[in-house]
Amino acid sequence: MYDAAEDGLEDSVNVVEVLRFVEGEVRWVDFEVVEDEETNEPFWLLRAWGDGGPLPVVYSTVSGRSVSWDGWSPQELVTNFSYTLATLADEKKSLSLRMKGVEQLKDAAETLFMGANIKIAPIEVVVLDAENQDVIFGDDLMEEGGTPLEHLGLCADPNWEPLLSEDGWELNRNSDFLVAVHDDLRLNATVKGAEIILARFLSSRALDLLGYADDLFDTIMVIVALAYVRKVLEPARSTLLTRSEVRDVREGFQFIFNSRIAEAKISAAITTAVEEVAQGPSKVRIYLAVARVAQAFEAVCDQASISASARIAS
């Protein structure tokens, strides 16, 4: 805990106190008073005393690391933790790493990917104010220093030992599916489910693979990836996309090509492209799944371009 408290501080830490609810009051107490206690709280607010005076540190009881609280003032942190401690003093807040949503996404990812490092954490144990945040992908975190990725990895698997690379798992971006999710598996306020989270993960890597730097094709890529995920998870499924999803693709292509393409043609193009790339083993390594989605996306774009050109010519 001293190491976590000293992380990012210029001065060495001499004393660490923890904000606790004691005898009806919120108090700062020496952490040695509570270090041997079991806790169901994912975060502690510490007050680290060094040569320069007290500084607040948010400490993860799951990963054993300090956690960034960018954007919050020390006063806001204390107020937030004080309110939480006072109002939940008589309640046990679950710190389950086996929520239903986590298990559903894990099962789906294991069906889709072969030889992958699949690590999924409840978002409530990864970040503060989790209710106001959406899914967090390890791919989106900065690798410099390793702290954010390792923190997320430890929250997904507290038994992970980074130094045991032979027996443990490493932060290998090619084979890593590392994510923090809400129990309802929401991607955002209106979209949720294991399928769309997997589709977003694949589409992001596919866009990087193809070198797309803007968001122009983002929605189209996500929906093509979604069709691929559904094809693998439900091979007998006859309809891969809903009408609203096809309409979103049509609107995207209309903006890109300045031409209206029939929904039936778009649906047929996506289905054909996905079925083509999904031939062979359904469970493949992540890099191959990404390549499949990228190939299907390019085939759909080519077909849309042909249809748009034919419509303009006529």
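- Taking OG of Ser259 as the start and CZ of Phe253 as the end, the distance is 11.5 Å to the nearest 0.5 Å.
- The shortest side-chain heavy-atom distance between Leu19 and Ser82 falls under the 4.5 Å cut-off.
- Taken from CZ in Phe137 to CG in Leu178, the straight-line distance is 10.5 Å, to the nearest 0.5 Å.
- No donor-acceptor pair closer than 3.5 Å links the side chain of Ser267 to the backbone N or O of Glu263.
- A heavy-atom distance below 4.5 Å is found between the side chains of Arg205 and Ile286.
- Under the 4.5 Å side-chain heavy-atom criterion for Ile, Leu, Val, Met, Phe, Trp and Tyr, Val293 and Met114 are members of distinct hydrophobic clusters.
- Nearest heavy atoms, Ala180 versus Val135: O-CG2, 3.3 Å.
- Between Val67 and Ser60, the shortest heavy-atom contact is CG2-CB, 3.7 Å.
- Listed here is the closest heavy atom pair of Leu202 and Ala225: CB-CB, 4.4 Å.
- Smallest separation of non-hydrogen atoms from Cys155 and Val126: CB-CG2, 3.7 Å.
- By the side-chain contact (heavy atoms from CB on, under 4.5 Å) test, Thr242 pairs with Ser244, Glu245, sequence neighbours left out.
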If you apply the rule side-chain contact (heavy atoms from CB on, under 4.5 Å), what do you find for Val16 with Tyr59, and how did you get there? CA-CA 11 Å; Val16 174; Tyr59 174 78; over 6 Å; no
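- Rounded to the nearest 0.5 Å, atoms NE2 (His182) and CG (Leu187) are 10.5 Å apart.
- Within the structure, salt bridge (Lys or Arg N to Asp or Glu O under 4.0 Å) pairs that include any residue of residues 194-204 comprise Glu195-Arg230, Glu195-Arg237, Arg200-Asp218 (at least two apart or interchain).
- Between Leu141 and Leu152 there is a side-chain heavy-atom pair separated by less than 4.5 Å.
- With sequence neighbours left out, Lys192 forms a salt bridge (charged side-chain N to carboxylate O under 4.0 Å, His left out) with Asp184.
- Using cut-offs of 30° and 60° on the angle between ring planes, the pair Phe177 and Phe201 is perpendicular.
- Between Glu124 atom CD and Asp183 atom CG the span is 7.5 Å, to the nearest 0.5 Å.
- Between Val15 and Asp30, some side-chain heavy-atom pair lies under the 4.5 Å cut-off.
- Using a 4.5 Å heavy-atom cutoff, the side chains of Val222 and Ile196 are in contact.
- A salt bridge (Lys or Arg N to Asp or Glu O under 4.0 Å) check over residues 283-295, counting only residues at least two apart or in different chains, returns nothing.
- The shortest side-chain heavy-atom distance between Leu128 and Leu77 falls under the 4.5 Å cut-off.
- For the atom pair CD (Gln254) and CZ (Arg247), the distance works out to 12.5 Å, reported to the nearest 0.5 Å.
- For Asn188, the side chain to side chain donor-acceptor pair (under 3.5 Å) partners two or more places apart in sequence, or in a different chain, are Thr190.
- In this structure, Ser203 has no side chain to side chain donor-acceptor pair (under 3.5 Å) partners at least two apart in sequence or on a different chain.
- A search for salt bridge (charged side-chain N to carboxylate O under 4.0 Å, His left out) contacts involving Asp248 returns nothing, not counting sequence neighbours.
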Under the criterion side-chain contact (heavy atoms from CB on, under 4.5 Å), I'd like the reasoning laid out for Val125 against Thr61: C-alpha separation, chi angles, the key distance, then a yes or no. CA-CA 9 Å; Val125 305; Thr61 62; over 6 Å; no
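- Partners of Trp49 according to the side chain to side chain donor-acceptor pair (under 3.5 Å) rule, which considers only residues two or more places apart in sequence or in another chain, are Glu17.
- If you take CG on Leu210 and CE on Met221, they are separated by 5.0 Å, rounding to the nearest 0.5 Å.
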What's the verdict on side-chain contact (heavy atoms from CB on, under 4.5 Å) for Leu45 and Val78, showing C-alpha distance, side-chain angles and the deciding distance? CA-CA 8 Å; Leu45 180 59; Val78 173; 4.0 Å; yes
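- Residue pairs meeting the ring pair (Phe, Tyr, Trp, His ring centres under 6.0 Å) criterion with at least one partner in residues 273-304, sequence neighbours excluded, are Tyr212-Phe297, Phe217-Phe297.
- Annotation: side chain to side chain donor-acceptor pair (under 3.5 Å) contacts of Thr272 (sequence neighbours excluded): none.
- For Val232, the side-chain contact (heavy atoms from CB on, under 4.5 Å) test picks out Leu112, Tyr228, Ser282, with sequence neighbours left out.
- By the 4.5 Å heavy-atom criterion applied to side chains, Gln303 and Lys265 are not counted as neighbours.
- Sorted by first then second residue, the salt bridge (Lys or Arg N to Asp or Glu O under 4.0 Å) pairs that include residues 107-118, not counting sequence neighbours, are Lys106-Glu110.
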Please walk me through it: do Ile123 and Val181 pass side-chain contact (heavy atoms from CB on, under 4.5 Å)? CA-CA 5 Å; Ile123 196 170; Val181 296; 5.8 Å; no
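- Counting only heavy atoms from C-beta outward, the side chains of Asp215 and Leu207 never approach each other to under 4.5 Å.
- A salt bridge links Glu131 to Arg186: one of the charged nitrogens lies within less than 4.0 Å of a carboxylate oxygen.
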